[in-house]
Each structure stands twice: as C-alpha cells, then as structure tokens.
Number of protein chains: 2
Amino acid sequence: MSESPVKKAVERCRGLGLRRTRALEELLATLIEAKRPMTLSELASSARLADQCDKATVYRLLQRLTGHGVLRRLGLHERAAYFTLLQPGKHSDYLICTGCGKIESITAPCPVHDLEEEIRETTGYKGLYHELEFFGTCPKCA
Amino acid sequence: MSESPVKKAVERCRGLGLRRTRALEELLATLIEAKRPMTLSELASSARLADQCDKATVYRLLQRLTGHGVLRRLGLHERAAYFTLLQPGKHSDYLICTGCGKIESITAPCPVHDLEEEIRETTGYKGLYHELEFFGTCPKCA
DNA sequence: GTAATTGCAAATACTTTGCCACGTA
DNA sequence: TACGTGGCAAAGTATTTGCAATTAC
C-alpha cells in the first residue's frame, strides 16, 4: 500500500483545481469506504456528512466531481425511469450516447452468460438477470 | 412470422387477467415499435398515447405490467441517481438484490471487454465505457 | 352487475437554483 | 483579497395517490 485511496482521491481533486474542503474529503472517504455506488440522499445522510454539511452542498459536490470525471453517474441519460418490454427468449443490451441520449439495441450475442451462471451458483441469488449498457459519444455528437 | 408481437403481448396480458383496454394496446405497441426502453414521459407524450389517455393511466399501466413481469424497470433499486468513484485502472460490476436493494461489487474479471472493443470499432463511438449489473433475489430475501 | 381501469387534481419525493455568507489559497 | 464553496430556503420536475366516474367482461 503506497498511499490511502482517500488521500489519493483528494490529491487528484486538488490537481483539478478544487479546494480541499471538509465536505470534499468526507464525501470521497464515504464513497471509498462504501465500495459501491451511492445516491445523493445516502451520501447526505451518511455518518461522515450528515452533520457536516447541507444536502445542497453534497449535491453540488457531486455535480462538480462528475463534471471533472472523478465520479460517474450511473444509469441511463434521463433522470426518469426507463421501462422495457420483456419478450420471452429475447434479451437486449444497449448502446447509449452520453451527448444526445440516443439509445440503440445491440444485436451482438451477449457475452455475460457464463459469468451470470457462475454468480447464480456461488451467491445463491434467485431469478438472476442482468443489464448491460455501453456509453459513449456518438459520431454526430463528437 | 406467426403473429404480430403486439397481439402476442396483448394476449399475454389477457392471460394474466388484465383487461384489453385501448391504453394497454397502444402502450405495448409503442414500446415494441420503439425497440428500446422508454420513460413514462416519453410514453405518455408519444403519438399513440398522447391524446389517448392521462399520464397517470400510463403510470399505473407501467406499474401493473412491471408487477406482472411483462415489463422491466431498468436501473438500480432506488429512484434516485447513483454516483460512483472512478478510480484509474479499476472497474466494477455490481450484483443488486431486487428485494432489499443491497448492492455489492463483483470482483470477477469483466467479460465484456472484447465486445466493447468491437463496438468501438464498428460504431465510431468515442470514450466508450460500460455498466454491467446483475439483479436477483438474495438469500435473505428469498 | 361488478370489479378493474381511468381522469383529474392534489400530494410527494427528489433535485436544482438564487443569493448572500464564508473559508481556502 | 478574491474567488471557489457552503447554507438556507424556495422553485422546479417527475412521480405517486385519492376518489369518483367509466368501461371491460
């Protein structure tokens, strides 16, 4: 172990011109400790941040860090929920443009089947399925 | 081609005890024609549904159909946006319980690399990355 | 006829912004 | 000191629900 991941992340932010604030350090530490994606609400009410700062501050930090590429916002383009029809025997993965939000189905055979089988066997999860999305900037938006 | 996919989907709903309403047919047709996931707003304002029924109707149809397994709602458990830290050289896929919403990182090597490369070459998308999530019911919730 | 479905309008939930005070560099 | 950040409160956007009227079966 060279350096703590938290320090490393803070330094990275410093290098991007961000100021070293209490909220920044606590937010990065929280995300790193959690080892999983978190929502604004979860972060704002987490032990390290709850009494530390306002929800709006966490919100703006998330925006800022996402804009600088330190964080990534998961999920499809819009803020709204997406629904898709389940057709027996059919499965689709998607390619989404992060610029214009265009979504297209991918026809290529899905390469995840074996891993899904492995997860089914090792974790005991029932009714397993997956979602796979590719994101990038489409030629038009580039 | 045996039967139109729309008719097939409507019949499937009938078999589940749902009534054959105009809104149901138009919603299924819209989703099938679009060949991609759609949001409540998109659906409610789509050509086939806009003058046909209220947004609340579309909303409740989506709930009902999702409950019966005819549709699937994409994305993570909560309605809120999820953020994750990007650590250079690290990539994570996730396993999510659809019951309790628990999210865990998957350590297994990601099997999507080759397909991502292929997409990069064939589509001309820039800055390509992907998200892969497995969903199921965890042992505790089962 | 009866229960599922719908429309309208009101209530929530979560996100986003304005404005001024504050703290880091 | 100067400008990025933060707090508080209000506004915005999407979702969700109550209830009476309607419609499929």
Side-chain angles (χ1 to χ4, degrees), chain A residues 7 9-30 37-46 48-68 70-84 101, chain B residues 7 9-30 37-46 48-68 70-84 101:
Chain A
K7 280 191 181 171
V10 173
E11 286 312 320
R12 190 166 150 217
C13 292
R14 292 287 295 117
L16 292 165
L18 302 179
R19 292 187 177 176
R20 179 195 307 273
T21 64
R22 185 76 178 266
L24 175 69
E25 294 183 319
E26 299 291 9
L27 184 144
L28 291 172
T30 304
M38 296 180 76
T39 66
L40 168 60
S41 290
E42 283 181 315
L43 284 164
S45 62
S46 68
R48 303 186 84 114
L49 290 168
D51 302 315
Q52 208 49 235
C53 60
D54 192 80
K55 197 170 189 172
T57 297
V58 179
Y59 172 78
R60 282 182 282 218
L61 252 180
L62 289 173
Q63 300 303 306
R64 210 174 293 146
L65 294 176
T66 301
H68 281 92
V70 176
L71 304 182
R72 173 176 295 162
R73 178 178 177 155
L74 298 183
L76 299 180
H77 190 248
E78 294 293 322
R79 205 175 79 189
Y82 281 81
F83 294 84
T84 189
Chain B
K7 280 191 180 170
V10 172
E11 286 313 319
R12 190 166 151 217
C13 292
R14 291 288 294 119
L16 292 165
L18 301 179
R19 292 187 176 177
R20 180 195 306 274
T21 64
R22 186 76 178 268
L24 175 68
E25 295 183 319
E26 300 291 8
L27 184 143
L28 291 172
T30 304
M38 295 179 77
T39 66
L40 167 61
S41 290
E42 283 181 315
L43 285 163
S45 62
S46 69
R48 304 186 84 115
L49 289 167
D51 302 315
Q52 209 49 235
C53 62
D54 193 80
K55 196 170 191 171
T57 298
V58 179
Y59 171 78
R60 282 181 282 216
L61 254 181
L62 290 172
Q63 300 303 305
R64 211 174 293 146
L65 295 176
T66 302
H68 281 93
V70 176
L71 303 184
R72 174 177 293 162
R73 177 178 177 156
L74 299 183
L76 299 179
H77 190 250
E78 293 292 322
R79 207 175 77 190
Y82 281 81
F83 293 84
T84 188

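Order of the sequence lines fixes the chain letters, A, B, ..., with proteins taken first and strands second; residue numbering starts at 1 for each chain.
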(request) Write down the distance between CZ (A:Arg64) and C1' (C:dT16), rounded to a whole number of angstrom. (result) 14 Å
(request) Any chance you could measure A:Asp51, atom CG, to A:Glu26, atom CD, to the nearest 0.5 Å? (result) 11.0 Å
(request) Look at the side-chain N and O atoms of B:Arg14 and state whether any lies under 4.0 Å from the OP1 or OP2 oxygen of C:dA4. (result) no
(request) Evaluate the side-chain proximity of A:Leu65 to A:Leu16: yes if any heavy-atom separation is below 4.5 Å, no if none is. (result) no
(message) Please enumerate all residues that pass side chain to side chain donor-acceptor pair (under 3.5 Å) together with B:Arg14, with sequence neighbours excluded.
(response) none
(message) For DNA chain D, which residues of residues 16-25 of chain B approach it to below 4.0 angstrom with any heavy atom?
(response) B:Arg19, B:Arg20
(request) Output the distance between atom CE (B:Met38) and atom OG1 (A:Thr84), rounded to the nearest 0.5 Å. (result) 10.5 Å
(request) Would you kindly compare A:Leu61 and B:Lys55 by the position of their nearest DNA chain D nucleotide and give the one closer to the 5′ end? (result) A:Leu61
(request) Can you tell me the distance, in whole Å, between the CG atom of A:Asp51 and the P atom of D:dG6? (result) 16 Å
(message) Please report the interatomic distance CG(A:Leu61) to CG(A:Leu28), rounded to the nearest 0.5 Å.
(response) 8.0 Å
(message) How long is the straight-line distance from OG1 of A:Thr30 back to CG of A:Leu49, given to the nearest 0.5 Å?
(response) 4.5 Å
(request) Starting from C1' on C:dG23, measure out to CD on A:Gln52 and report it in whole angstrom. (result) 14 Å
(request) Would you state whether a donor and an acceptor, one from the side chain of A:Arg60 and one from the base of C:dG18, lie under 3.5 Å apart? (result) yes
(request) Mind calculating the distance between CE (A:Met38) and P (C:dC14) to the nearest angstrom? (result) 15 Å
(message) As an exercise, state the distance from OG of A:Ser41 to NZ of A:Lys55, rounded to the nearest 0.5 Å.
(response) 3.5 Å
(message) Salt bridge check, A:Lys7 against A:Glu25: does any charged N sit closer than 4.0 Å to a carboxylate O?
(response) no
Give me the distances for all protein-to-nucleotides 9-13 of chain C N/O pairs that come in under 3.5 Å?
none

(message) Could you tell me how far apart B:Leu43 (CG) and D:dT15 (P) are, to the nearest whole angstrom?
(response) 11 Å
(request) Kindly say if A:Thr57 contacts the phosphate of D:dT5, meaning a side-chain N or O under 4.0 Å from OP1 or OP2. (result) no
(request) Specify the separation, in whole Å, of atom CZ of B:Phe83 and atom C1' of C:dC14. (result) 12 Å
(request) May I have the distance from B:Glu42 (atom CD) to D:dA14 (atom P), rounded to whole angstrom? (result) 11 Å
(message) To the nearest 0.5 Å, what is the distance between OH on A:Tyr82 and CG on B:Leu43?
(response) 10.5 Å
(request) Would you indicate, yes or no, if C:dT15 has its OP1 or OP2 atom less than 4.0 angstrom from a side-chain nitrogen or oxygen of A:Tyr59? (result) no
